[in-house]
Amino acid sequence: MLKLSRLIQPRNPLFWLMLVLNLLSSFLSWILHTRELATAPMLVVALFALSNAVLGIWLAIRLMREPMPGERS
């Protein structure tokens, strides 16, 4: 079962990886909206932003499914 309270786990490295990936995808999407890029670089940046977002969401779901240390299921 997914529990939103399990998402914030500062002692878990997956939590920090999820934060970094989501911040990076936000930054990359900001670049796409504010810079004038050629087609090929634009597609590469968009692909990185999308893959970072998908991986960040996957990590968030994984964190919400795992019980926190010391928690009974």
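Quick note: residue numbers are just sequence positions, from 1.
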Sorted by chain and residue number, the side-chain contact (heavy atoms from CB on, under 4.5 Å) partners of Pro13 (sequence neighbours excluded) come out as none
Sorted by chain and residue number, the side-chain contact (heavy atoms from CB on, under 4.5 Å) partners of Leu19 (sequence neighbours excluded) come out as Phe15, Trp16
Which donor-acceptor pairs under 3.5 Å do side chains of residues 20-31 form with protein atoms, sequence neighbours excluded?
residue : atom : partner : partner atom : Å
Asn22   : ND2  : Met18   : O            : 3.3
Ser25   : OG   : Leu21   : O            : 3.4
Ser25   : OG   : Asn22   : O            : 3.0
Ser26   : OG   : Asn22   : O            : 3.0
Ser29   : OG   : Ser25   : O            : 3.2
Ser29   : OG   : Ser26   : O            : 2.8

Please report, to 0.1 Å, the donor-acceptor pairs under 3.5 Å made by any side chain of residues 44-52, with sequence neighbours excluded.
residue : atom : partner : partner atom : Å
Ser51   : OG   : Leu47   : O            : 3.0
Ser51   : OG   : Phe48   : O            : 3.0
Asn52   : ND2  : Phe48   : O            : 3.3

Residue pairs meeting side chain to side chain donor-acceptor pair (under 3.5 Å), one or both in residues 53-63, sequence neighbours left out, come to Arg62-Glu66
Output for pair (Met64 CE, Leu59 CG), nearest 0.5 Å, gives 11.0 Å
Contacts satisfying salt bridge (Lys or Arg N to Asp or Glu O under 4.0 Å) that involve residues 29-51 (not counting sequence neighbours) are none
Worksheet entry | 4.5 Å side-chain heavy-atom contact, Leu63 and Arg6 | no
